[in-house]
**Q** 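Attaching a single structure in structure tokens format; questions to follow.
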There are 2 protein chains.
Amino acid sequence: MTQPTRTRRPTLEDVARQSGVSKSTVSRVINGEPRVRAEVVDRVREVIAELGYVPNQAARQLVTHRTGAVAVVAAQPENRIFLDPFFDRHLRGIRRELARHGAQAVLLFLDEPGDYPRVAEYLGGGHVDGALLFPLRPDDRLPEMIDRIGLPTVFGGRPLLGDGDPVRGQAYVDGDNRGGARQAVRYLVSLGRTRIATVTGPYDQETSAADRVAGYQDVVPDTSAQLIERADYTQRGGADAMAALLDRCPGLDAVFVASDLMASGALQTLRERGRRVPQDVAVVGFDDLREIAESTEPPLTTVHQDVEEMGRLMARLLVDRTEHPDAPALSSVVVPTRLVLRKSA
Amino acid sequence: MTQPTRTRRPTLEDVARQSGVSKSTVSRVINGEPRVRAEVVDRVREVIAELGYVPNQAARQLVTHRTGAVAVVAAQPENRIFLDPFFDRHLRGIRRELARHGAQAVLLFLDEPGDYPRVAEYLGGGHVDGALLFPLRPDDRLPEMIDRIGLPTVFGGRPLLGDGDPVRGQAYVDGDNRGGARQAVRYLVSLGRTRIATVTGPYDQETSAADRVAGYQDVVPDTSAQLIERADYTQRGGADAMAALLDRCPGLDAVFVASDLMASGALQTLRERGRRVPQDVAVVGFDDLREIAESTEPPLTTVHQDVEEMGRLMARLLVDRTEHPDAPALSSVVVPTRLVLRKSA
DNA sequence: ATGAAAGCGCTAACAA
DNA sequence: TTGTTAGCGCTTTCAT
């Protein structure tokens, strides 16, 4: 109909003029401030609709210092992150919580080296109110860059501090990896198992892996190093680790495997070697990835984490921070796990 | 060292004062303008580093009308998009091309109804210079919202126009679904096959599916409707469709299956029914998803699309548009496919 | 080669 | 309840 000569987008001023009030009043209407006559509100709203007015965020930002957007930074190539069975759930929790606060989540990928300066500039340029970081490489320099910029930040998972200047007091949300591992191993003990082995993740690279080993050691502190085999969180790795364990300690009667994916591999090896699960060897996994845990043979007893809740908490921590910038330092949070009993132990 | 009382982030003005030049000059240095004495450039750069100055994008945006960011909108729940075998490649192409132009890609999810107003506001608020839109549901109202906002946009895949006001002349990048299907079926014909069936995608919901059927029909226009079975792009759907086809037309000697995932299901059915592939029934798929196509039994002959290239082109189309806003209307582009011969036909 | 000044579109005191 | 007035931090003529 009205094909407005698309020359220039309407501004607050245009709306003000059209509705015969001041810019302030229009601003008040837009921001839903109470002290405006209902009549005027209606009039202004009409004009806004008629003109198709949309506030210019840059201008608004310039004075409010708020953008209404939060960056989620995935420091991995897309193809890796898309395979991460947890990332989508984290993201869902984040988006839900952010939405409750009217904030928009924007996802950034950090992959090639050339991405760093650009992402840092983006983050530092005031495009977002804060950042949620899934920094996965131990030596990542992004946290440091962000620190310089002074952008509120929350990590997904306890960050592994490099040997350099540790980024002090960074807030994070993590699952209770250590506690979960303890639950798992204690359960195995309660079953009367005495030779309990473990297949670990890459504990020098990921705190989750390190914490799970620590939890294991909390319960069976005097265990032989022979009973610990390190793998890489892959199925194949789990299978191989199990084989090595069996070679070294044929008498083992239980194994705590630090991820479900590795556990599915271990189960395979156990089957090939003719060990019955759980009769001969009891197996407990970690993660409770339903697609895996429910379809292994036998179904996997494993440690559950509420990943969506973790995402939600990350967002909440960040929002708290941005809304009360002067409040006491951020506290990190560790989300409890629970043991899900199936058939493998 | 210098622990600057973190009160306020340094501004252009601070840098100017510190280096004893005017704001204009600092601005010139930052934007790499030529007409500045080298000596001054160095001095200013030093001060910038010292102060840890980062330009305020909001302020810059306000005058330049450019943000250096481009939104990629995925109109699907995270868990669906993360399963899409193509999305990560699209994204990679997009990110690469955008990076060449110094632009940052930000990914937005559009999932729950409540997301629409927020995303529209984000997109319209000037946070980004343009948007790349992925498969919206046929009745999606986002394109219309974006159109009102007047944001440059490119679609991934030819958009299915709703029955309402078609969003006129939207630019898109798509694979040559029709041409690819023709190649596949022609190849089958060249093999001497005469009873060529097809398993289609949901052609009333996705243009890719519709185009692939059309390509099939281009080559065998007089084929019986009995030889066409519709499925849903899933493996299970492909298996069922193949079964239905076999029941109706036991004499078929070839089948063009509109996706590799469905083709893997079809292959399974064929095996169960004792048909040899390709001797009894030749099979051609679509997509060339290596993980699937190379591991089926037998490996799948299929139509390849260069998805990363498609992503790259989307970005390029958008960038062209934002850099030359007054250039002639965007033209869409269709990327050629090629047939990859393996063992199934 | 550099500076002064205007202004982008908005919000936030402060007045009225 | 509403309007006036300053900026927010930057780029960009236009002078010099």
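First the proteins, then the strands, lettered A, B, ... as listed; each starts at 1. Side chains are part of it too, since the values below use all heavy atoms of this structure and drop only hydrogens, waters and symmetry mates.
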**Q** In terms of side-chain geometry, is the basic nitrogen of A/E46 or A/R43 positioned less than 4.0 Å from the acidic oxygen of its partner?
**A**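 Result for this pair is yes, salt bridge flagged.
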**Q** Please work out which residues in residues 35-43 of chain A have a non-hydrogen atom less than 4.0 Å from an atom of DNA chain D and list them by number.
**A**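 Per residue number, the list reads A/R35, A/V36, A/R37, A/V40.
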**Q** Is a salt bridge present between B/R95 and A/D115, judged by a nitrogen-to-oxygen distance below 4.0 Å?
**A**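 A salt bridge links B/R95 with A/D115.
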**Q** Axis-to-axis angle across the helix from C/dA1-D/dT16 to C/dA16-D/dT1, five pairs an end, to 10 degrees?
**A**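 The angle separating the two end axes equals 30°.
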**Q** Where each residue is assigned the nucleotide of DNA chain C containing its nearest heavy atom, which of B/S22 and A/A58 is assigned the position nearer the 5′ end?
**A** B/S22
**Q** Which whole-number value in Å describes the distance from B/R17 CZ to C/dA4 P?
**A**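 In whole Å, C/dA4 P and B/R17 CZ are 13 Å from each other.
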**Q** Give the rounded distance in Å between these two atoms: CG of B/D14 and P of D/dC10.
**A** 9 Å
**Q** Which whole-number value in Å describes the distance from B/H65 NE2 to D/dT11 P?
**A**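 That distance rounds to 13 Å.
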**Q** Check the pair B/E121, B/R118 against salt bridge (Lys or Arg N to Asp or Glu O under 4.0 Å), reporting the backbone distance first and the verdict last.
**A** CA-CA 5 Å; B/E121 190 168 329; B/R118 198 172 3 83; over 6 Å; no
**Q** Would you say B/T153 and B/R321 make side-chain contact, with heavy atoms under 4.5 Å?
**A**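 The answer is no, as the side chains (C-beta and beyond) never meet within the 4.5 Å cut-off.
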**Q** Between B/R89 and B/E308, does any side-chain N to carboxylate O distance fall below 4.0 Å?
**A**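 Answer for the salt bridge query: no.
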**Q** To the nearest angstrom, how far is A/Q57 atom CD from C/dC8 atom P?
**A** 19 Å
**Q** Rounded to the nearest Å, what distance is computed from the CG atom of residue B/L62 to the C1' atom of nucleotide D/dG7?
**A** 12 Å
**Q** Between B/T25 and C/dG3, does any side-chain N or O lie under 4.0 Å from OP1 or OP2?
**A** yes
**Q** Check the angle between the aromatic planes of A/H127 and A/Y122 and answer parallel, tilted or perpendicular using the 30° and 60° thresholds.
**A** parallel
**Q** Please write out each protein N/O paired with an N/O of nucleotides 12-16 of chain D under 3.5 Å, distance rounded to 0.1 Å.
**A**
{"unit_1": "D/dT12", "atom_1": "O4", "unit_2": "B/S24", "atom_2": "OG", "d": "3.3"}

**Q** Of A/L108, A/V128, A/L132, which is the lone residue that meets side-chain contact (heavy atoms from CB on, under 4.5 Å) with A/V72?
**A**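 Among A/L108, A/V128, A/L132, the one that satisfies the side-chain contact (heavy atoms from CB on, under 4.5 Å) with A/V72 is A/L132.
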**Q** Could you check whether A/T67 and A/D129, counting side-chain N and O atoms only, form a donor-acceptor pair closer than 3.5 Å?
**A** yes
**Q** Nearest whole angstrom, please: distance from the P of D/dT11 to the CD of B/Q61.
**A**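 Going from B/Q61 (CD) to D/dT11 (P), I get 12 Å.
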**Q** Taking only side-chain N and O atoms of B/T11, does any of them lie within less than 4.0 angstrom of OP1 or OP2 on D/dG9?
**A**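 Answer is no, no contact under 4.0 Å.
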**Q** How many Å lie between CD1 on B/I30 and C1' on D/dC10, as a whole number?
**A** 9 Å
**Q** How close or far is atom P of D/dC8 from atom CZ of B/R60, stated in whole angstroms?
**A** 19 Å
